[in-house]
Amino acid sequence: MTRLAALPLCLMIAAPALAQEAPLPPGMEVIEVIDGWQTPSGERIAALRIALDQGWKTYWRSPGDAGIPPSFNFTDSRNVAAVEMHWPAPEVFDQNGLRSVGYHDELILPLAITPADPTQPVALSADLELGICHDVCVPVSLEVSKDLQGPGAPNETIRAAMTAQPRPIEGGARCTVEPIADGMRVTALIDLPADQARDAFLELRSTPMWVSDAVARRDGDTLIAMAEFVPENAKPFALDRNDLRITVLSENGALEINGCPN
């Protein structure tokens, strides 16, 4: 499997770093933080909204062989101890003969923010590195910020995006792991019938790295998906099966399997 497939085959146009007030790049209409509410535990719920021109798309956290992986940095925020992103189920696109994974027209990405002090306002600041694509792919750098104050009220747009997350299921997959020249190969056997499992995507939750697009086939009610994990040093490594995350897409929705034993 060639590593060149990990690079987008579309024309890349470098975009300058952009502040929220600066003109947005072609293809992007809006980038903003949607304020939400505070939970009884003190956690704040908000969301990033990325609105694109018709026909444009942006990428999921694991973008596929032809996609650009997004990156988010919240270190300039104030009164923020942690931020957890809740990704809605993505779509699969064909891009120059390769698959990419993402969203068309608009992405609402819910954020669960843990304040350092729940009694104080949160000043959220996000530096984003992401790709947007139509006939060309544009890697863009953006900054967006918002002060989040008061208890707020449940926001139906954010709630809908959270509901659109893959549904977690227990078990349902068995994995074999073997070393390859520049990393590790994982083969997952996922026990789901065809109407519940069409595409599978493998990741490590706590160790971001390049992962090949999964090669999948069916054996009756079992989907067999194989992917290769390649770290920065391009060497075999001790892959933690408990850290594996498998996202399964089908016509009937999306599922998420966390951990994959033998």
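Residues take their numbers from the sequence shown, with the count starting at 1.
Val230 and Val177 sit in two unconnected hydrophobic clusters of ILVMFWY residues. Membership requires side-chain heavy atoms under 4.5 Å apart, directly or through other members. Ile224 and Leu255 are assigned to two separate hydrophobic clusters, defined by single-linkage of ILVMFWY side chains at heavy-atom distances under 4.5 Å. Residues Leu202 and Phe237 fall within the same hydrophobic cluster, defined by Ile, Leu, Val, Met, Phe, Trp and Tyr side chains chained together at heavy-atom separations under 4.5 Å. A continuous path of Ile, Leu, Val, Met, Phe, Trp and Tyr side chains, each step under 4.5 Å between heavy atoms, connects Ile257 with Val211, placing both in one hydrophobic cluster. Residues Val140 and Leu128 share a single hydrophobic cluster, defined by chaining ILVMFWY side chains whose heavy atoms lie under 4.5 Å apart.
One finds the CD1 atom of Ile34 at 13.0 Å from the CD1 atom of Ile45 (value rounded to the nearest 0.5 Å). Rounded to the nearest 0.5 Å, atoms CG (Leu204) and CE (Met209) are 5.0 Å apart. Between the CZ atom of Phe74 and the OG atom of Ser145 there is a distance of 12.0 Å, given to the nearest 0.5 Å. If you take CG on Leu124 and CG on Leu111, they are separated by 6.5 Å, rounding to the nearest 0.5 Å. Once rounded to the nearest 0.5 Å, the distance linking CG of Asp213 with CD of Glu228 reads 11.5 Å. In this structure, Gln165 CD and His86 NE2 are separated by 5.5 Å, a value rounded to the nearest 0.5 Å.
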Exercise. Would Met28 and Thr58 satisfy side-chain contact (heavy atoms from CB on, under 4.5 Å), going step by step from the backbone distance to the final call?
Worked result: CA-CA 10 Å; Met28 181 174 286; Thr58 191; over 6 Å; no
Problem set entry | Trace of the side-chain contact (heavy atoms from CB on, under 4.5 Å) decision for Cys137 with Ile68 | CA-CA 9 Å; Cys137 290; Ile68 300 172; 4.3 Å; yes
For this session: Before giving the answer on side-chain contact (heavy atoms from CB on, under 4.5 Å), spell out for Cys175 and Ile246 the whole-Å C-alpha distance, their side-chain angles and the decisive distance to 0.1 Å.
Result: CA-CA 11 Å; Cys175 290; Ile246 303 172; 4.3 Å; yes
Problem set entry | Residue pair Phe72, Leu109: steps toward the side-chain contact (heavy atoms from CB on, under 4.5 Å) verdict | CA-CA 12 Å; Phe72 303 84; Leu109 179 58; 3.9 Å; yes
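Among all heavy-atom pairs drawn from Pro118 and Gln38, the shortest one is O-NE2, 3.0 Å. The shortest non-hydrogen separation linking Leu239 to Met184 is CD1-CB, 4.1 Å. Residue Phe229 comes nearest to Val186 through the heavy atom pair CE1-CG2, 3.6 Å, listed as atom of the first residue, atom of the second, then distance. For Gln196 against Val248, the heavy-atom pair with the smallest separation is O-CG1, 3.7 Å. Closest approach of Gly183 and Pro231 over heavy atoms only: CA-CD, 4.0 Å. Nearest heavy-atom pair across Ser141 and Glu129 is OG-OE1, 2.7 Å.
Here the side chains of Pro63 and Val101 are not in contact, with every heavy-atom distance at 4.5 Å or above. Between Leu192 and Leu223 there is no side-chain heavy-atom pair separated by less than 4.5 Å. Between Tyr59 and Leu130 there is no side-chain heavy-atom pair separated by less than 4.5 Å. Put simply, the side chain of Trp87 reaches to within 4.5 Å of the side chain of Pro70, judged on heavy atoms. Between Pro115 and Arg44, some side-chain heavy-atom pair lies under the 4.5 Å cut-off. Side-chain contact check for Arg99 versus Asp199: some heavy-atom pair is nearer than 4.5 Å. For the pair Pro154 and Arg159, the minimum side-chain heavy-atom distance is below 4.5 Å. Residues Pro110 and Met85 form no side-chain contact, since every pair of their non-hydrogen atoms from C-beta on lies 4.5 Å or further apart.
Between the Tyr103 side chain and the Ile50 main chain, no donor and acceptor come within less than 3.5 Å of each other. Side chain of Arg218 to backbone of Ala197: a donor-acceptor contact under 3.5 angstrom is found. Distance alone, capped at 3.5 Å, places no donor-acceptor pair between the Asp191 side chain and the Thr222 backbone. The backbone N or O of Asp117 lies less than 3.5 Å from no partner atom in the side chain of Gln120, so there is not a single donor-acceptor pair. In this structure a side-chain-to-backbone donor-acceptor pair under 3.5 Å is missing from Asp53 to Trp56. A distance-only check finds no donor-acceptor pair linking the side chain of Asp182 to the backbone of Pro236 [under 3.5 Å].
With respect to Glu203 and Arg61, a salt bridge is recorded, a charged nitrogen being found less than 4.0 Å from a carboxylate O. A salt bridge does not link Lys57 to Asp105: none of the charged side-chain nitrogens sits closer than 4.0 Å to a carboxylate oxygen. Contact check on Glu256 versus Arg167 returns no salt bridge, with no Lys/Arg side-chain nitrogen under 4.0 Å from an Asp/Glu carboxylate oxygen.
Applying the side chain to side chain contact (heavy atoms under 4.5 Å, CB included) test between Leu148 and each of Val80, Asn79, Ile113 identifies Ile113 as the sole match. Only one option out of Ile31, Leu107, Ile132 pairs with Leu52 in a side chain to side chain contact (heavy atoms under 4.5 Å, CB included); it is Ile132. A side-chain hydrogen bond (donor to acceptor under 3.5 Å, both in side chains) with Arg205 is found for exactly one of Asp240, Asn258, Asn242, namely Asn258.
Using the six-membered ring where Trp is involved, Phe93 and His104 have ring planes that are perpendicular, over 60° apart on the 30 and 60° scheme.
Annotation: Glu170, atom CD; neighbour count of heavy atoms from other residues, nucleotides and ligands within 6.0 Å does not exceed 12.
One side chain, Asn73 or Thr75, offers a donor N or O that lies under 3.5 Å from an acceptor on the other.
When hydrophobic residues (I, L, V, M, F, W, Y) are linked wherever their side-chain heavy atoms come within less than 4.5 Å, Val30 remains an isolated member.
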